Protein chains: 2
Amino acid sequence: MAANSRVTIAAHALAWLELARQRGRPWMTSDEVAASVKTNPVILRRSLGDLHKAGLVRSRRGAGAGFSLARPAEEITMLDVWNAVSPEPLLALHRTEPNQECPVGAGIKPALTDTYDEATEAFRAALARRTIAGILEKILNT
Amino acid sequence: MAANSRVTIAAHALAWLELARQRGRPWMTSDEVAASVKTNPVILRRSLGDLHKAGLVRSRRGAGAGFSLARPAEEITMLDVWNAVSPEPLLALHRTEPNQECPVGAGIKPALTDTYDEATEAFRAALARRTIAGILEKILNT
DNA sequence: TGCCATCGTAACCAATCCTATTACAACTAT
DNA sequence: ATAGTTGTAATAGGATTGGTTACGATGGCA
């Protein structure tokens, strides 16, 4: 399938940063996070870069560098994560403009946009109810 | 972006079939529907084929063939359409298995699955509140 | 019976996107 | 100055998407 796994990667990284913080390791390198996710460090630097732009993590360069959470894990929701890494709409309209001379073709876009926006908003609201702290708690109690 | 537009194509086709029916043309060929969507007839036959398997449309072969709605447009929801044409999950888990020796890697999958299922269910519930009849009505009143 | 319009589907293509990988300049604690 | 790490560009293989051509299967109708 084509759906990307960036939200998953980012949530994993954030949960791991929070667990490390609780264990007294507030700064983690992209190599260390990549080892937990089991992928390439560059993937993590890109993902953490998105989270950095969104203000969810801090980064330090130079020797002894790394990443750490920029806010308490209780205040980072899955919606924040989704907003940070997933700019795509869930449902796409027509790839090519429909026939404007047909009544359906001429008017369908706003009708579907309404429906898609409504469904997307419900999806976002559900993500907003979960936090990284909650995810981590569930992980540790399994 | 990569999100597919199959739900849009299918909803367009269904709304068009319903409008044609109201105008006394209960059977439409894939060529006629394709003209409204402005794409290839094969794309429509594929889409209408999915809708056929899901029981939303009927098809007739031979001379004078075509497609028509299998149920009243009031009883076809956008969730029915989504179920018929979009088998993919909205959010993907890790592409490669995370590190099982890390506590986060070992436990994150069920935690995220819960969250993703919840959000997807909210999305589906929103789609279930809209029907093809409602979409068509909105199209005609614009 | 034979014709012919249309469905159903396979095969293929170009474009796009995703993850992964290599490479390297920029940066900073020591 | 050195060493370790971030930030990012370039590239590649694989998958998916919409589009296109082609053709056998079907079934009204002359």
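Numbered from 1 within each chain, the chains take letters A, B, ... in sequence-line order. All values derive from a computational prediction rather than experimental measurement.
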## Note on the structure
From NZ of B/Lys38 across to C1' of D/dG18 the rounded distance in Å is 16 Å
### Task
Would you kindly give the CD-to-C1' distance between B/Glu88 and D/dG18, to the nearest whole Å?
14 Å
### Message
Taking side-chain hydrogen bond (donor to acceptor under 3.5 Å, both in side chains) as the definition, give me every residue that meets it alongside B/Gln22, ordered by chain and number, with sequence neighbours left out.
### Response
B/Glu18
### Task
Look only at the side chain of B/Ser5 and the backbone of A/Ala92, and say whether a donor-acceptor pair between them is shorter than 3.5 Å.
no
### Message
Any non-hydrogen side-chain atom of B/Val7 less than 4.5 Å from a side-chain atom of B/Met78?
### Response
yes
### Query
Between atom CG in A/Leu44 and atom P in C/dT19, what is the gap in whole Å?
12 Å
### Rounded distance in Å - CZ (B/Arg58) to P (C/dG8)
14 Å
### Euclidean distance, atom CG of residue A/Asp50 to atom P of D/dG7 [Å, nearest integer]
11 Å
### Task
Would you jot down, in residue-number order, the residues of residues 59-68 of chain B having a non-hydrogen atom under 4.0 Å from DNA chain C?
B/Ser59, B/Arg60, B/Arg61, B/Gly62, B/Ala63, B/Ala65, B/Gly66, B/Phe67
### Sequence-distant partners of B/Tyr116, ring-ring contact (aromatic ring centres under 6.0 Å, His included), two or more places apart
none
### Summary
Rounded to whole Å, the CD1-C1' distance (A/Ile43 to D/dT11) equals 13 Å
### Task
Check whether any side-chain heavy atom of A/Val57 lies under 4.5 Å from a side-chain heavy atom of A/Leu14, and answer yes or no.
yes
### Task
Give the rounded distance in Å between these two atoms: CG of A/Asn40 and P of D/dA10.
18 Å
### Message
Could you tell me how far apart A/Ile9 (CD1) and C/dC18 (C1') are, to the nearest whole angstrom?
### Response
11 Å
### Message
Between B/Asp80 and B/Arg71 (salt bridge meaning N to carboxylate O under 4.0 Å), is one present in this structure?
### Response
yes
#### Entry: Contacts of type side-chain contact (heavy atoms from CB on, under 4.5 Å), residue A/Ala10, not counting sequence neighbours
A/Ser47, A/Leu51, A/Val81, A/Val85
Can I get a per-line list of side-chain donor-acceptor pairs under 3.5 Å for residues 130-142 of chain B, giving both atom names and the distance, sequence neighbours left out?
| unit_1 | atom_1 | unit_2 | atom_2 | d |
| --- | --- | --- | --- | --- |
| B/Arg130 | NE | A/Glu118 | OE1 | 3.2 |
| B/Arg130 | NH2 | A/Glu118 | OE2 | 2.5 |
| B/Thr131 | OG1 | B/Ala133 | N | 3.4 |
| B/Thr131 | OG1 | B/Gly134 | N | 3.0 |
| B/Lys138 | NZ | A/Asp114 | OD2 | 3.1 |
| B/Asn141 | ND2 | B/Glu137 | O | 3.3 |
| B/Thr142 | OG1 | B/Lys138 | O | 2.6 |

#### Entry: Any donor-acceptor N/O pair, A/Arg25 side chain to A/Trp27 backbone, under 3.5 Å
yes
### Task
Report the residues that fulfil side-chain hydrogen bond (donor to acceptor under 3.5 Å, both in side chains) with B/Arg61, sequence neighbours left out, ordered by chain and then residue number.
none
### Query
What residues in residues 18-30 of chain B put a non-hydrogen atom under 4.0 Å from any atom of DNA chain C?
B/Thr29, B/Ser30
### Message
Over the length of the helix from C/dT1-D/dA30 to C/dT30-D/dA1, how much do the five-pair end axes diverge, rounded to 10 degrees?
### Response
10°
### Query
Mind checking what makes side-chain hydrogen bond (donor to acceptor under 3.5 Å, both in side chains) contact with A/Arg45, not counting sequence neighbours?
A/Ser30
### Task
Assign a letter to each nucleotide of nucleotides 9-14 of chain C from its 5' end: B, base within under 4.0 Å of a protein heavy atom; S, sugar-phosphate only; -, no contact.
BBB---
### Task
State which residues pass side-chain contact (heavy atoms from CB on, under 4.5 Å) with B/Pro72; sequence neighbours excluded, sorted by chain then number.
B/Glu74, B/Glu75
### Query
Who are the side-chain hydrogen bond (donor to acceptor under 3.5 Å, both in side chains) partners of B/Glu97, not counting sequence neighbours?
B/Gln100, B/Lys109
